[in-house]
Amino acid sequence: MSATSIGFIGLGMMGVPMATNLLAAGHAVAGFDVQPNAGATLRDHASFTRVAAAHDIAGACDVVIFMLPDSGIVDRLLWDDGFASHMRSGALLIDMGSSDPLHSQANAAKLAALGLRFVDAPVSGGVKRAVSGTLAIMMGGDAAHVDAARPLLSSLGKTLVHVGPAGAGHAVKALNNYVSAAGLLAVCEALTAAEKFGIDPKVVNQVMDASTGKNNTTENKVVPFMLSGAFNSGFALSLMRKDLETAAGFIDQMRAPGDFAHACVARWREADAALGAGADHTAMYAHVQQHKGA
Ligand code: NAD
C-alpha cells in the first residue's frame with residue numbers, strides 16, 4: 001500500500017509499539033498524548049512528528065487512530081473538545097482502544113452526519129504482540145470503511161476480522177476480555193487452593209496447561225508474571241476492570257443472562273480498590289493469595 005500520513009492519539013503501553021510499526025511500514029505519523037513524555041522513543045524517527053495539541057492532528061490527517069483508555073475520554077475529545085468538528089472532510093477515524101460498543105455505535109452515526117468515516121478496531125494480544133505486529137484486530141463498521149482501514153491495520157495485526165457494523169468490534173473485544181478475565185480469576189483461585197493442599201502451583205499450572213483447563217492465563221501469564229512476582233505484563237488491572245464493566249453493561253443492555261459477568265466485575269473492582277492505581281492485571285494473583293483464608 002502507499003504510505004499515508006496518520007494521526008495517532010494515545011502514546012501509552014500499546015500506542016508506542018503500534019505507532020512504531022506504522023513508521024516501520026513507511027507511514028508518516030503525527031502523534032499526541034496528554035502526557036508530555038509519552039512516546040519519547042518515537043522522537044528519533046524521521047517520519048514521526050510530535051504535535052502540540054490533538055486539534056493539530058484533526059486538521060492535518062485523513063486517517064486518525066485513537067489508542068485511548070476508555071469511551072469517556074474518547075467522547076470528551078471528540079465532542080466536548082471539538083476534535084470531530086476540526087476533522088478533514090471524509091477523514092477516517094479508527095478507534096483501536098477498548099471502548100464501549102454502544103458509545104461507538106453512537107459516535108459512528110454522529111461522525112457520519114458530519115461526513116466522516118468511523119471504524120472500531122480494538123486489539124487483543126497485549127504489549128508483546130503489539131511489538132511484534134501480530135495483534136488480533138476485530139473491526140466494526142461499514143464494509144467500505146473497513147476495507148479502507150484494512151491495509152493500514154495489517155501493519156499492526158495478523159488476524160483481522162470484520163465482525164459487524166460500527167460498535168461490533170468493541171462488543172466482541174469487551175466480551176473477549178470478560179472471558180479472559182474470568183479465566184484468569186479461576187486460575188488464581190485454583191492455584192491458591194492447590195497450594196494450600198501442598199501442591200506446587202507451578203506444577204499445577206503445567207498440568208492445567210496440558211489439560212482441558214488450559215487458557216491464555218495458564219499459557220502466557222502464570223509463570224512469567226504471576227509466580228515470578230513480576231506482575232508487569234503491561235496491561236493495567238484498572239483497564240481490565242473497565243473492560244469487564246463494559247462487558248457486563250453490554251450484556252445487560254442486550255437483556256442476556258449476566259450473573260457470572262457481574263460476579264466477575266465485583267471481584268475485579270475489589271482487587272482494583274485494594275491494589276490501587278498502577279497495578280498490573282496479573283496482580284490479581286497476589287490479591288487472591290492475600291485473601292486465601294485460614
Ligand atoms: P495506557 O494507559 O498505557 O495508554 C493510554 C495513553 O492515552 C496514555 O499515555 C495517556 O496519557 C493517553 N491519554 C489519556 N487521555 C488522553 C487524551 N485526552 N488525549 C491524548 N492522550 C490521552 O493504556 P494502554 O495499555 O496503551 O491501553 C490503551 C487502550 O488499549 C485501552 O483501551 C486498553 O484497554 C486497550 N488495550 C490494552 C492492552 C494492553 O495489554 N495494555 C491490550 C489490548 C487493549
Side-chain angles (χ1 to χ4, degrees), residues 7-21 30-42 50-58 64-84 86 93-101 103-104 120-139 153 156-157 159 169-181 184 216-217 220-221 224-225 231-247 268 272 277-283:
F8 202 109
I9 301 185
L11 302 171
M13 293 299 295
M14 295 294 282
V16 167
M18 290 164 68
T20 302
N21 283 332
F32 176 72
D33 194 293
V34 282
Q35 299 286 344
N37 291 328
T41 56
L42 297 165
R50 170 77 186 218
V51 299
H55 282 196
D56 296 338
I57 285 175
V64 178
I65 292 177
F66 282 181
M67 196 56 184
L68 293 166
D70 57 49
S71 271
I73 289 171
V74 168
D75 293 356
R76 270 196 298 283
L77 178 59
L78 275 180
W79 309 114
D80 301 347
D81 299 348
F83 186 90
H86 285 81
L93 173 64
I94 310 176
D95 183 357
M96 300 195 73
S98 305
S99 302
D100 185 303
H103 285 239
S104 301
D120 46 308
V123 305
S124 186
V127 172
K128 193 174 161 192
R129 283 168 60 187
V131 170
S132 61
T134 59
L135 291 162
I137 305 181
M138 43 221 102
M139 302 175 291
L153 296 179
L156 306 176
T159 313
H170 282 144
V172 174
K173 171 62 187 175
L175 295 170
N176 172 77
N177 276 27
Y178 158 42
V179 173
S180 174
L184 186 149
N216 185 44
T217 297
N220 295 313
K221 298 180 185 177
F225 303 123
F231 307 125
N232 63 350
S233 77
F235 181 41
L237 195 144
S238 60
L239 289 177
M240 184 65 110
R241 188 258 308 140
K242 173 259 311 184
D243 290 342
L244 271 164
E245 289 172 347
T246 302
W268 283 86
D272 192 20
D280 191 83
H281 79 294
T282 53

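Note that the structure is predicted; figures quoted are calculated from it, not measured. Numbering of ligands and ligand atoms starts at 1, following listing order.
Protein heavy atom nearest atom 43 (C) of ligand 1, with residue, atom name and distance: V123 O, 3.5 Å. Given atom 4 (O) of ligand 1, the protein heavy atom at minimum distance is G12 CA, 3.3 Å. Residue, atom and distance of the protein heavy atom nearest to atom 41 (N) of ligand 1 are G234 O, 3.0 Å. Of the protein's heavy atoms, I73 CG2, 3.7 Å lies nearest to atom 18 (N) of ligand 1. The closest protein non-hydrogen atom to atom 17 (C) of ligand 1 is V34 CG1, 3.6 Å.
At a heavy-atom cutoff of 4.0 Å, ligand 1 is contacted by the side chain of K173 but not by its backbone.
At distances below 3.5 Å, not a single donor-acceptor pair connects side-chain atoms of R50 with backbone N or O atoms of A40. Listed for the S71 side chain is a donor-acceptor partner under 3.5 Å among the backbone atoms of D100. Between the side chain of D70 and the backbone N or O of I73, at least one donor-acceptor pair lies under 3.5 Å. In this structure, D280 contributes its side chain and A236 its backbone to no donor-acceptor pair below 3.5 Å. Looking at H86, its side chain never comes within 3.5 Å of a backbone N or O of I57 through a donor-acceptor pair. Within the 3.5 Å criterion, the main-chain N or O of M18 finds no donor-acceptor partner in the side chain of N21. D120 contributes no side-chain N or O that, together with a main-chain N or O of S104, makes up a donor-acceptor pair within less than 3.5 Å.
Of all atoms in ligand 1, listed by their number and element, those nearer than 4.0 Å to a heavy atom of G10 are 7 (O). Those atoms of ligand 1 with a heavy atom of F32 less than 4.0 angstrom away are 19 (N), 20 (C).
Among the atoms of K242, some N or O lies under 3.5 angstrom from an N or O of ligand 1. Close N/O approach between L68 and ligand 1 is found [any backbone or side-chain N/O within under 3.5 Å]. For a threshold of 3.5 Å applied to N or O pairs, the pair formed by L239 and ligand 1 contains no separation below that value. Of the polar atoms of M13, at least one N or O is found under 3.5 Å from an N or O of ligand 1, judged by distance alone.
Taking the centre of each ring, F83 and F66 come in below the 6.0 Å mark.
Between N232 and F225 there is a side-chain heavy-atom pair separated by less than 4.5 Å. The shortest distance between side-chain heavy atoms of T246 and N177 does not fall below 4.5 Å.
Distances from atom 11 (O) of ligand 1 to the heavy atoms of I57, D280, D33, L11 show the closest one on D33. By heavy-atom distance, the residue among S124, A53, S98, A130 lying nearest atom 32 (O) of ligand 1 is S98. If you check each of M96, M67, M240, M14 against atom 30 (O) of ligand 1, the one with the closest non-hydrogen atom is M67.
At a 4.0 Å cut-off, at least one heavy atom of I9 sits close enough to ligand 1 to count as contact. Using a 4.0 Å heavy-atom cutoff, P69 is listed among the residues neighbouring ligand 1.
Distance remark: protein heavy atom not present below 4.0 angstrom from atom 2 (O) of ligand 1.
Evaluated for a side-chain contact (heavy atoms from CB on, under 4.5 Å) with W268, the options E245, K242, H281 yield exactly one hit, H281.
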